[in-house]
Amino acid sequence: MQPAASSPVIEFCDVSYRIAGTQVLSGFDLQVQNGETLVLLGRSGSGKTTSLKLVNRLLSPTSGEIRVQGVPNQDADVIRLRRSIGYVIQDVGLFPHFTIERNIGIVPKIEGWPQERIGARTQELLQMVGLRPETALRYPHQLSGGQRQRVGVARALAADPEVLLMDEPFGALDPLTRDELQREFLLLQQRLHKTVLFVTHDLREALRLGSRIALMEAGRLVTALAPKDFLRSTDPLASAYVRAFGDGLESAANRGTS
Amino acid sequence: MNVVRFIWQNHIQVLELTLEHLRLVAFSTLFAMLIGIPLGMVIAHRPRFTKPVLASANIIQTIPSLALFGFLLPVPWLGQRADRLAILALTLYALLPIIRNTYTGIRGVDGAVVEAGRGMGLTESQLLFQVELPLAVSVILSGVRVAIVISVGLATIAAAIGAGGLGEFIFRGLAMVDDRVILAGAIPAALLALLADFGVGWLERRLQPR
């Protein structure tokens with residue numbers, strides 16, 4: 001069952017998605033390699049979020065196929081598939097009636113882990129995302145936006161999935177908190193080497209976090225390039241993006257983690 | 001003060017009728033919850049059924065209560081005993097607020113929360129029982145509260161078909177043109193409604209998710 005080391009972890013094969021007469025994605029081909037952070041970049045309505053939701057089957061493609069670790073995801077048990085993929089969204093979606101501890105431990109709990117193992121894992125994760133141990137007993141409304149998003153990341157990591165889907169996770173945060181979380185994401189990723197599919201419309205964020213940037217426009221993949229190549233790309237859309245974001249991008253692309 | 005003396009003198013009967021009244025309200029509210037909450041959960045997830053179900057419950061609500069009691073009289077098993085009939089009619093009236101609030105409560109749960117839960121691999125029933133229902137519970141209870149208050153009032157009319165309850169005093173007082181007798185039924189009924197309103201309201205606040 002173990003796929004060969006070189007095979008992609010997530011693979012879109014000629015995927016189209018159409019809803020209510022609107023072509024959201026067409027002929028989408030993309031491969032995400034093991035351990036890389038692939039950023040889907042594009043404007044609103046370009047199909048980024050749709051692509052993400054096709055991976056954990058919150059949506060099903062009109063045609064084409066998505067493979068996760070070599071297996072077409074339509075053949076997989078949908079509940080098992082989702083539990084094996086971490087999912088972080090912009091609005092976080094923490095359960096307001098659960099403590100932070102229960103929020104983080106939800107997937108381990110429904111997977112039937114013993115209580116003490118869940119508790120230990122929760123503490124480990126809180127530390128990993130830079131939250132204090134006593135946060136465990138608080139409720140989401142008692143935390144700041146940045147803290148909630150940290151909990152969102154911890155929750156996605158709880159059952160130690162190989163794959164993470166992140167849909168503009170830092171989009172709603174103030175610039176300072178966003179910067180902090182981006183830096184910590186890089187440090188975390190250096191340790192964990194998850195395969196991450198990351199959606200953003202912020203080029204600066206894409207350059208900083210991505211090992212590759214897939215630029216999307218109107219449901220199509222325009223190009224997929226490493227950050228430094230992206231800045232030098234002659235593709236009209238890519239260069240338009242770079243111009244729109246202006247100066248200082250080179251340093252962002254150097255991805256200083258300090 | 002005549003009223004107080006009258007109630008005091010007849011306190012055993014007042015108590016009996018109050019208990020009868022409570023019984024009608026309790027059974028009908030229970031049945032309405034057993035039917036209405038699951039129905040509200042279904043229409044919250046199946047938009048196709050939303051309109052027909054809510055419209056039907058609405059129509060029932062518009063039937064004058066005395067007429068509904070009359071319509072139900074020929075129904076076989078139910079028509080034999082007035083209290084069964086009254087409970088059925090009260091159940092029908094209590095359905096609308098309970099169905100509607102269950103629907104509203106579940107639809108009002110933050111979409112991001114449901115989507116995050118589904119995306120993490122919660123099954124539909126885990127989503128319903130661990131996320132949607134707990135978050136909707138205070139809205140559902142406020143529907144139950146409205147249903148109880150309506151039922152306490154409507155149950156006085158059940159005395160017209162001989163189902164007992166505090167309405168007996170009211171009808172008797174009307175016939176005798178005696179305010180004291182009317183009030184001996186109306187005051188305990190109003191107190192019951194207030195008490196139920198307060199009690200369920202308290203429960204509602206306690207169960208309010210943060």
Side-chain angles (χ1 to χ4, degrees), chain A residues 49 52-59 76-100 102-111 138-143 148-149 151-159 161 163-169 172, chain B residues 33 37-38 40-41 44-51 98 101-145 200-210:
Chain A
T49 295
L52 211 65
K53 289 183 180 174
L54 285 165
V55 177
N56 64 2
R57 274 179 63 185
L58 286 173
L59 299 173
D77 173 67
V78 65
I79 297 299
R80 293 243 64 77
L81 176 83
R82 288 175 183 163
R83 288 183 194 170
S84 70
I85 298 175
Y87 186 46
V88 188
I89 58 179
Q90 177 175 344
D91 304 318
V92 199
L94 295 183
F95 302 139
H97 57 309
F98 280 14
T99 58
I100 298 309
R102 281 186 75 194
N103 263 292
I104 294 177
I106 180 84
V107 175
K109 178 151 197 260
I110 56 184
E111 287 285 271
R138 304 199 156 214
Y139 283 90
H141 76 277
Q142 297 171 311
L143 305 187
R148 278 203 287 270
Q149 198 50 269
V151 175
V153 173
R155 182 172 70 170
L157 290 169
V163 180
L164 278 182
L165 305 176
M166 305 181 86
D167 193 354
E168 302 202 38
Chain B
M33 285 170 75
I37 294 176
M41 291 176 350
H45 291 104
R46 301 267 181 280
R48 253 184 321 141
F49 299 127
T50 308
K51 265 202 168 159
I98 294 177
N101 277 49
T102 306
Y103 168 78
T104 313
I106 289 179
R107 292 301 300 252
V109 173
D110 183 359
V113 171
V114 176
E115 168 140 321
R118 186 171 288 130
M120 285 188 307
L122 266 66
T123 62
E124 289 305 310
S125 76
Q126 284 166 338
L127 263 181
L128 182 64
F129 290 107
Q130 295 186 33
V131 181
E132 291 177 311
L133 277 182
L135 289 175
V137 78
S138 70
V139 181
I140 296 173
L141 275 181
S142 87
V144 172
R145 189 156 60 111
V200 185
W202 175 80
L203 200 65
E204 201 180 307
R205 279 190 301 279
R206 288 239 12 213
L207 294 176
Q208 181 113 49
R210 268 160 290 206

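So that the names make sense, note that chain A is the first sequence line, chain B the second, and so on, each numbered from 1.
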**Q.** For B/Arg118 against A/Arg82, the heavy-atom pair lying closest together
**A.** O-CD, 3.1 Å
Q) Between B/Glu115 and A/Asp91, is any pair of side-chain heavy atoms under 4.5 Å apart? A) no
Q: Mind listing the closest non-hydrogen atom pair of B/Ala116 and A/Arg155 along with its distance?
A: CB-NH2, 3.5 Å
Q) If you round to the nearest 0.5 Å, how far is CZ of A/Phe98 from CG of B/Leu135? A) 8.5 Å
(Q) Under 4.5 Å from any heavy atom of chain B, what part of A/Leu94 do you find: side chain, backbone, both or neither? (A) backbone
Q | Atom group of A/Leu165 that falls short of 4.5 Å from chain B, counting heavy atoms | A | neither
Q) Which pair of heavy atoms, one from A/Arg83 and one from B/Gly121, lies closest together, and at what distance? A) NE-O, 2.8 Å
Q.
Just to verify, what does A/Arg80 make a side-chain hydrogen bond (donor to acceptor under 3.5 Å, both in side chains) with, not counting sequence neighbours?
A. A/Glu111
**Q.** Contact summary for B/Val113 and A/Pro96, nearest pair of heavy atoms
**A.** CG2-CD, 4.1 Å
Q) Relative to chain B, which segment of A/Val92 carries a heavy atom at a distance below 4.5 Å: side chain, backbone, both, or neither? A) backbone
Q.
Pair A/Ile110, B/Thr123 - check side chain to side chain contact (heavy atoms under 4.5 Å, CB included), show working.
A. CA-CA 10 Å; A/Ile110 56 184; B/Thr123 62; over 6 Å; no
(Q) Suppose we screen for side-chain hydrogen bond (donor to acceptor under 3.5 Å, both in side chains). Which residues come up paired with B/Thr104, at least two apart in sequence or across chains? (A) none
Q.
Does any backbone or side-chain atom of B/Gln126 lie under 4.5 Å from a heavy atom of chain A? Answer side chain, backbone, both or neither.
A. side chain
